[in-house]
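Throughout, a chain's letter reflects where its sequence line sits, starting with A, and its residues are numbered from 1.
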Number of protein chains: 2
Amino acid sequence: MNLEDIAKKAGVSRSTVSRVINDEPHVSEKTRRRVLAIIQREGFSPNHAARALVTQRTNIVSVVVPQTMNIFFGDNSYYPMLLQGMSEAISQRDRAMLLWLQQMNERVEVFIERVLSSRRMVDGFIISSVRSNNPIFDYLINLKTTFVMVERPWRLDEKVNYVTIDNIAAGRMAVKHLIGLGRKRIATITGDMLIADAQDRLAGYKAALVEAGMPVNPDLIFHGYFNAEYGYHGMKYLLQYKPDALFAAGDTTAVGAIKAIREAGLRVPDDIAVIGHDDLDVAAQYNLTTIYHPVQRKGFEAASLLIDMIEGKVTEPRHIILPIHLIVRDTCGADPLWNQNNREVRYEPMPNSPT
Amino acid sequence: MNLEDIAKKAGVSRSTVSRVINDEPHVSEKTRRRVLAIIQREGFSPNHAARALVTQRTNIVSVVVPQTMNIFFGDNSYYPMLLQGMSEAISQRDRAMLLWLQQMNERVEVFIERVLSSRRMVDGFIISSVRSNNPIFDYLINLKTTFVMVERPWRLDEKVNYVTIDNIAAGRMAVKHLIGLGRKRIATITGDMLIADAQDRLAGYKAALVEAGMPVNPDLIFHGYFNAEYGYHGMKYLLQYKPDALFAAGDTTAVGAIKAIREAGLRVPDDIAVIGHDDLDVAAQYNLTTIYHPVQRKGFEAASLLIDMIEGKVTEPRHIILPIHLIVRDTCGADPLWNQNNREVRYEPMPNSPT
DNA sequence: CAATGAACTGGGAGCGCTCCCAATTCTGTG
DNA sequence: CACAGAATTGGGAGCGCTCCCAGTTCATTG
């Protein structure tokens, strides 16, 4: 079943049917209705490949996740939320989403090969969670593909489009809050240091300490990953240095850390205050004080930006930094009324934050 | 850049380049190497649309999730695991995955329209979590599309291909275990009763009671959804009927229920034993006794089956039922050595289970 | 060294659309 | 009622592949 068949049945030409399908002008109302009725009756749907061949547009967008989605131990809702946000924008703009997940034990090069070989079937890429040792970035630039990064790119290339939050400000905000609550020995468990977000959050942690005239003690910094396991082991390690507070670079990390704290017979927040990051589902569940990270919106904005670029609505490189804020719950020891009283204290960009 | 360009550079014809790209015979080793080198050098990748147009194959598979991925309150790793499994099979078979997520507040009809309008760009569909009031099923059959369902279809149509577990056996296994531990008033909180899995697990619950000569008390059955919120409220409601055990149709449901039990000043498992279902990440975290549900493998098998059908390797309808088993942890009150001693007690199909 | 068959190579046709331009029909006006 | 100009309609060309068949080259043998 093709345009010609429909045309024959409607007693018009291929071209007219094409105009009707694409909602173009220059078709009389009468003809349009007749053709539409036949398309409906026959359940006709135009051949995507043929259309893509001539328009050089596929209306498909690739989403690349160079991690297995469940790589993180425990309840990590980050990727589902990100995907949901992207999916929302993509469906609003009437497109489809191709999803590429790195496989367990799949070498990065193999994964990239897989992803890039699909470049002729999509109009652009959204790339998330790129670790610094991942060469996909250079390939995409060399091939002159249209793409948007979620999280800031490793190499700060002004020409690259990305959507992120100000992770430096986030780390700073968390630690400033702990300092304000009188904590003196503030530790941190970082995320994967090959991911820019983790680097920036650590930078924010240090910045807050320096600003408050407090020492940056390497003993209190544990390089981990965004998961509960590393939170648990990281905290076990850190306990020897007697911290009275912890900034965990992820909520699941915080959950793991709290488990270690309790196992050591200490209380949260009395003995050790804890602040997480991201406000994943798990944060509300554990009543975790955390930095709100608009993950879903980040996905939405990234997809919207990519489609704007594809449609030529955006040509200049864009760097979108979404606002964050602190959510005070039970684990930092602050007055629970804090949230209400600090509605206006939200996002303050760092002077030297990426833009 | 197209085949013709490569051909010119290599001093051969379009056809020869095509043969090389598709790894076909009838090309001399010398020519093959030369062409390959040029393809490599130029970074050429064949036009997907043109190829799809002539072969009538896109090598893309649609995955349809008629739920928002994060619709469930809390930490539900079901969909990420399912996707990971599908993705594994799809990438092994050298294909791409188109993901369709229903949007918040998107009407089912609109979603279906969106999904079906993509049917000309994919070779087949994998459909998951279809609720009984979802008409997508009929549309797919009428359009004679190739598709596989994850979870058994609502209308038991022998011709439909699906991959699932034996949910009746699962419910029965859980409840039998509780009965064996001497529990007398076993309650259940069901999943979404518009989903076949939830229906079947309830049927299994009832079957186990009947087999043991115990009454099926409607007061002890709470119709919920697969999430912690309904687990919590469901349990609060059930407490008035003094149950001494609970079979929750999902792990998150169990987690919510446990919260309600503890808030009522009761202990798990001493006062109320709890068994969940699925063995999601959250189950291990909470040391939940549960029924192991091979979610990732289910995704893998579904995708493999679909691709087999597309390739014509499978023509007869297949109904794949994956094995389940009980995982004893802390919430049912059984001897923790149970797992070791019962290695062989695994999956026992119900005589009247769907096949 | 010519004949023969196998191995390799080339190019036309066609997949089902969109785009463009030419042809046709319709409308309103002198 | 003829005619200009606008609105509508039709059909050829071409997007970049694969498939098929015909033509060419090559090695082998009598």
K.L.:
Rounded to the Å, how far apart are Glu24(A) CD and dG10(D) P?
P.N.:
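So the two atoms are 15 Å apart, to the nearest Å.
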
K.L.:
Calculate the interatomic distance between Arg57(A) atom CZ and dC15(D) atom P; express it in whole Å.
P.N.:
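Taking atom P of dC15(D) as the reference, CZ of Arg57(A) is at 18 Å.
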
K.L.:
Between Arg14(B) and Asp5(B), does any NZ, NE, NH1 or NH2 come within less than 4.0 Å of an OD or OE carboxylate oxygen?
P.N.:
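Not counted as a salt bridge, because no side-chain N and carboxylate O are separated by less than 4.0 Å.
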
K.L.:
For His26(A) and dG5(D), give me the distance from atom NE2 to atom C1', rounded to whole Å.
P.N.:
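It works out to 14 Å between those atoms.
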
K.L.:
Evaluate the side-chain proximity of Gln103(B) to Gln84(A): yes if any heavy-atom separation is below 4.5 Å, no if none is.
P.N.:
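Heavy-atom side-chain distance check passes, below 4.5 Å.
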
K.L.:
Which residues within residues 3-13 of chain A lie with some heavy atom under 4.0 Å of an atom in DNA chain C?
P.N.:
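Contacts with DNA chain C under 4.0 Å: Leu3(A).
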
K.L.:
If you count the non-hydrogen atoms of other residues, nucleotides and ligands that lie under 6.0 Å from CZ in Arg114(A), is the total more than 12?
P.N.:
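Yes, enclosed.
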
K.L.:
Show the atom names and distances, to 0.1 Å, of all donor-acceptor pairs under 3.5 Å that link a side chain in residues 302-312 of chain A to residues at least two apart or in another chain.
P.N.:
unit_1, atom_1, unit_2, atom_2, d
Ser304(A), OG, Phe300(A), O, 2.9
Asp308(A), OD1, Arg93(A), NH1, 3.3
Asp308(A), OD1, Arg93(A), NH2, 2.8
Glu311(A), OE1, Arg93(A), NH2, 3.1
Glu311(A), OE1, Lys313(A), NZ, 3.0
Glu311(A), OE2, Arg95(A), NH1, 3.4
Glu311(A), OE2, Arg95(A), NH2, 3.4

K.L.:
Roughly how far apart are Ile112(A) CD1 and Ile136(A) CD1, rounded to 0.5 Å?
P.N.:
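Answer for the CD1-CD1 pair, Ile112(A) versus Ile136(A), is 5.0 Å.
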
K.L.:
Mark yes when over 12 heavy atoms from residues, nucleotides or ligands other than Arg318(B) sit less than 6.0 Å from its CZ; otherwise mark no.
P.N.:
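No.
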
K.L.:
Is any side-chain heavy atom of Val17(A) less than 4.5 Å from a side-chain heavy atom of Val12(A)?
P.N.:
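A side-chain contact under 4.5 Å exists here.
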
K.L.:
Less than 4.5 Å apart, side chain to side chain, heavy atoms only: is that true for Ile21(B) and Leu3(B)?
P.N.:
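Of all side-chain heavy-atom pairs linking Leu3(B) with Ile21(B), at least one is under 4.5 Å.
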
K.L.:
If the cut-off is 4.0 Å, is Thr16(B) near the phosphate of dC8(C), judged by side-chain N/O to OP1 or OP2?
P.N.:
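Checking dC8(C) against Thr16(B), no side-chain N or O comes under 4.0 Å of OP1 or OP2.
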
K.L.:
Could you state the atom-to-atom distance from CG of Asn2(A) to C1' of dG14(C) in whole Å?
P.N.:
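After rounding, the gap between these two atoms is 12 Å.
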
K.L.:
Without decimals, in angstroms, what is the distance between Arg14(B) CZ and dC20(D) C1'?
P.N.:
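These atoms are roughly 12 Å apart.
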
K.L.:
Choosing from dG16(D), dC17(C), dG12(C), which nucleotide comes nearest the side chain of Gln56(A)?
P.N.:
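Looking only at side-chain atoms, Gln56(A) lies closest to dG16(D).
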
K.L.:
In whole Å, I'd like the distance from the NZ atom of Lys30(B) to the C1' atom of dT9(C).
P.N.:
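After rounding, the gap between these two atoms is 13 Å.
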
K.L.:
Among dT9(C), dT9(D), dC19(D), which is the nearest nucleotide to the side chain of Ser15(B)?
P.N.:
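That would be dC19(D).
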
K.L.:
CG of Asp23(A) versus P of dT18(C): gap in Å, rounded?
P.N.:
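Going from Asp23(A) (CG) to dT18(C) (P), I get 12 Å.
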
K.L.:
Does Leu53(A) reach the side chain of Asn47(B), with side-chain heavy atoms less than 4.5 Å apart?
P.N.:
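In short, these two side chains touch, coming nearer than 4.5 Å.
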
K.L.:
Can you give each donor-acceptor pair under 3.5 Å made by side-chain atoms of residues 137-149 of chain B, sequence neighbours left out, with the distance rounded to 0.1 Å?
P.N.:
unit_1, atom_1, unit_2, atom_2, d
Asp138(B), OD1, Arg155(B), NH2, 2.3
Asn142(B), ND2, Asp138(B), O, 3.4
Thr145(B), OG1, Leu140(B), O, 2.7

K.L.:
Given Val20(A), which partner from the list Val35(A), Thr31(A), Ile38(A) fulfils the side chain to side chain contact (heavy atoms under 4.5 Å, CB included) test?
P.N.:
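Among Val35(A), Thr31(A), Ile38(A), the one that satisfies the side chain to side chain contact (heavy atoms under 4.5 Å, CB included) with Val20(A) is Val35(A).
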
K.L.:
Counting only side-chain heavy atoms from C-beta out, which of dG11(C), dT9(D), dC15(C) sits nearest to Val54(B)?
P.N.:
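Of all the options, the side chain of Val54(B) is nearest to dC15(C).
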
K.L.:
Around atom CD of Glu29(B), are there more than 12 heavy atoms of other residues, nucleotides or ligands at under 6.0 Å?
P.N.:
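For Glu29(B), atom CD is crowded (more than 12 foreign heavy atoms under 6.0 Å).
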
K.L.:
With a 3.5 Å distance limit and no angle check, can you tell me whether His319(B) reaches the backbone of Val160(B) through a side-chain donor-acceptor pair?
P.N.:
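Indeed, once roles are kept as given, a pair shorter than 3.5 Å links the two residues.
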
K.L.:
How does protein reach along nucleotides 21-28 of chain D, written 5' to 3' as B (base within reach of a heavy atom under 4.0 Å), S (only sugar-phosphate), or - (no contact)?
P.N.:
--------

K.L.:
Through what angle, rounded to 10 degrees, does the axis of the helix from dC1(C)-dG30(D) to dG30(C)-dC1(D) turn between its ends, using five pairs per end?
P.N.:
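Between the first-five-pair axis and the last-five-pair axis there is 50°.
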
K.L.:
In terms of heavy-atom contacts, does CG of Asn133(B) have more than 12 from other residues, nucleotides or ligands at under 6.0 Å?
P.N.:
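Yes, the 6.0 Å shell around CG holds more than 12 heavy atoms from other groups.
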
K.L.:
Quick one: on DNA chain D, does Met1(B) or Arg34(A) contact a more 5' nucleotide (nearest heavy atom)?
P.N.:
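Going by which nucleotide is closer to the 5' end, it is Arg34(A).
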
K.L.:
In whole angstroms, how far is the P atom of dG16(C) from the CG atom of Asn22(A)?
P.N.:
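So the two atoms are 17 Å apart, to the nearest Å.
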
K.L.:
Counting only side-chain nitrogens and oxygens, does Ser28(A) get under 4.0 Å of the OP1 or OP2 atom of dT9(D)?
P.N.:
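Yes, within the criterion.
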
K.L.:
With a 4.0 Å cut-off, would you call Lys8(B) and Glu4(B) a salt bridge?
P.N.:
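Judged by the 4.0 Å cut-off on N to carboxylate O distance, Lys8(B) and Glu4(B) do not form a salt bridge.
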
K.L.:
Does any residue of residues 36-52 of chain A have a heavy atom under 4.0 Å from DNA chain C, and if so, which ones, in number order?
P.N.:
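Nucleic-acid contacts, sorted: Phe44(A), Pro46(A), Asn47(A), Ala50(A), Arg51(A).
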
K.L.:
Can you check whether Thr31(B) has a side-chain N or O nearer than 4.0 Å to OP1 or OP2 of dC8(C)?
P.N.:
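So the side chain of Thr31(B) is outside the cut-off, no N or O lying under 4.0 Å from OP1 or OP2 of dC8(C).
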
